[in-house]
Amino acid sequence: MELAVVDVTNKRLKPSDNGTTQTDSEVAKTVEEETAVATLASEQVELEIANILEKINRFTNLVSELLESGKSMLKELSNEFEERIIVIHKEQMEKWQEEIKELRLLDTSNEEADGLLLNAKYLLQNVRGES
């Protein structure tokens, strides 16, 4: 930012907005004060903007970290869920296979008992028929 240098050696009078006259030195002083205030305000605004941009960067980084953490956590959870479901399925299949074996053993036992009962029935009929 460049500051305008006003020649204060010349003492011409300039009319001001309110109708009074000011010297060049008074005008220069007023310009310098306004420029200093504007420069100070501009620097302060730039600092505030820089602070806001820093907050934006920190927040963006935080969101990125949360997203990555969430993805990682969900992936781990998904893997654990999949493994547990597979274990549950395997256990249930084993239970049903055991039930099938028990049913087959029971069926074999029932078939043997049915065969014995048929033989006994046949023998009883033969004994009655002979008597």
Side-chain angles (χ1 to χ4, degrees):
M1 210 180 248
E2 285 187 32
L3 296 177
V5 177
V6 178
D7 184 16
V8 290
T9 57
N10 189 354
K11 297 288 183 181
R12 282 185 296 145
L13 297 178
K14 292 188 177 183
S16 67
D17 292 338
N18 60 7
T20 61
T21 58
Q22 292 180 326
T23 63
D24 283 341
S25 62
E26 292 172 337
V27 171
K29 187 176 180 180
T30 304
V31 168
E32 285 179 18
E33 288 173 357
E34 289 175 359
T35 303
V37 168
T39 302
L40 181 60
S42 293
E43 289 175 3
Q44 189 173 6
V45 167
E46 290 300 320
L47 285 174
E48 290 297 322
I49 289 172
N51 286 339
I52 291 170
L53 291 174
E54 181 61 30
K55 288 178 186 178
I56 289 171
N57 285 336
R58 282 194 307 249
F59 184 70
T60 301
N61 289 336
L62 177 64
V63 168
S64 294
E65 290 171 6
L66 287 173
L67 285 172
E68 288 301 316
S69 174
K71 282 181 186 179
S72 175
M73 185 177 65
L74 288 174
K75 185 170 180 133
E76 289 175 17
L77 187 61
S78 174
N79 289 339
E80 289 176 18
F81 176 75
E82 182 179 355
E83 290 171 5
R84 184 65 183 140
I85 290 295
I86 290 170
V87 167
I88 290 171
H89 179 265
K90 183 179 177 182
E91 289 173 354
Q92 189 61 47
M93 291 295 107
E94 289 173 356
K95 286 179 184 178
W96 284 335
Q97 290 295 331
E98 188 62 33
E99 284 183 34
I100 289 171
K101 284 180 186 177
E102 289 175 8
L103 285 172
R104 286 189 175 145
L105 287 173
L106 183 60
D107 184 50
T108 302
S109 175
N110 285 342
E111 290 293 323
E112 289 174 1
D114 189 45
L116 287 174
L117 288 174
L118 283 176
N119 283 340
K121 182 180 175 182
Y122 179 72
L123 287 175
L124 284 175
Q125 285 176 353
N126 283 343
V127 171
R128 283 188 195 164
E130 292 177 7
S131 19

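These numbers were taken from a predicted model, which means no experiment stands behind them. In this chain, residues are counted from 1 in sequence order. Below, each value reflects all heavy atoms present in this structure, side chains not excepted, and no hydrogens, waters or symmetry copies.
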Let me check something: do Leu77 and Ile86 share a hydrophobic cluster, defined by ILVMFWY side-chain heavy atoms less than 4.5 Å apart, either directly or through other members? no
Once rounded to the nearest 0.5 Å, what's the spacing between atom CG of Leu74 and atom CG of Asn79? 11.0 Å
Using atom types as modelled and distance alone, determine if a side-chain donor or acceptor of Thr60 lies under 3.5 Å from a backbone N or O of Ile56. yes
Measure the spacing between CG of Asn126 and NZ of Lys121 and express it to the nearest 0.5 Å. 12.5 Å
Side chains of Val87 and Glu83: closer than 4.5 Å at any heavy-atom pair? no
Does Leu66 sit in a hydrophobic cluster with other residues, and if so which ones, taking ILVMFWY side chains as linked at heavy-atom separations under 4.5 Å, directly or through other members? Leu62
If hydrophobic clusters are built by linking Ile, Leu, Val, Met, Phe, Trp and Tyr wherever their side-chain heavy atoms come under 4.5 Å apart, do Leu118 and Leu123 end up in the same one? no
CD1 of Ile88 to CZ of Arg84: how many Å apart, nearest 0.5 Å? 4.0 Å
Supply the atom-to-atom distance Glu46 CD to Gln44 CD, rounded to the nearest 0.5 angstrom. 11.5 Å
Is the CZ atom of Arg58 crowded by more than 12 outside heavy atoms at less than 6.0 Å? yes
Nearest-0.5 Å distance that lies between atom CD1 in Ile52 and atom CG in Leu47: 11.0 Å
Roughly how far, to the nearest 0.5 Å, is CE of Met93 from CD1 of Ile100? 9.0 Å
Is there side-chain contact between Lys90 and Glu94, with heavy atoms separated by less than 4.5 Å? yes
Does a side-chain heavy-atom distance below 4.5 Å link Leu103 with Asp107? no
For Phe59, the rest of its hydrophobic cluster, which grows through side-chain links under 4.5 angstrom: Val63, Leu67
Under 3.5 Å, is there a donor-acceptor pair between the side chain of Ser72 and the main chain of Glu68? no
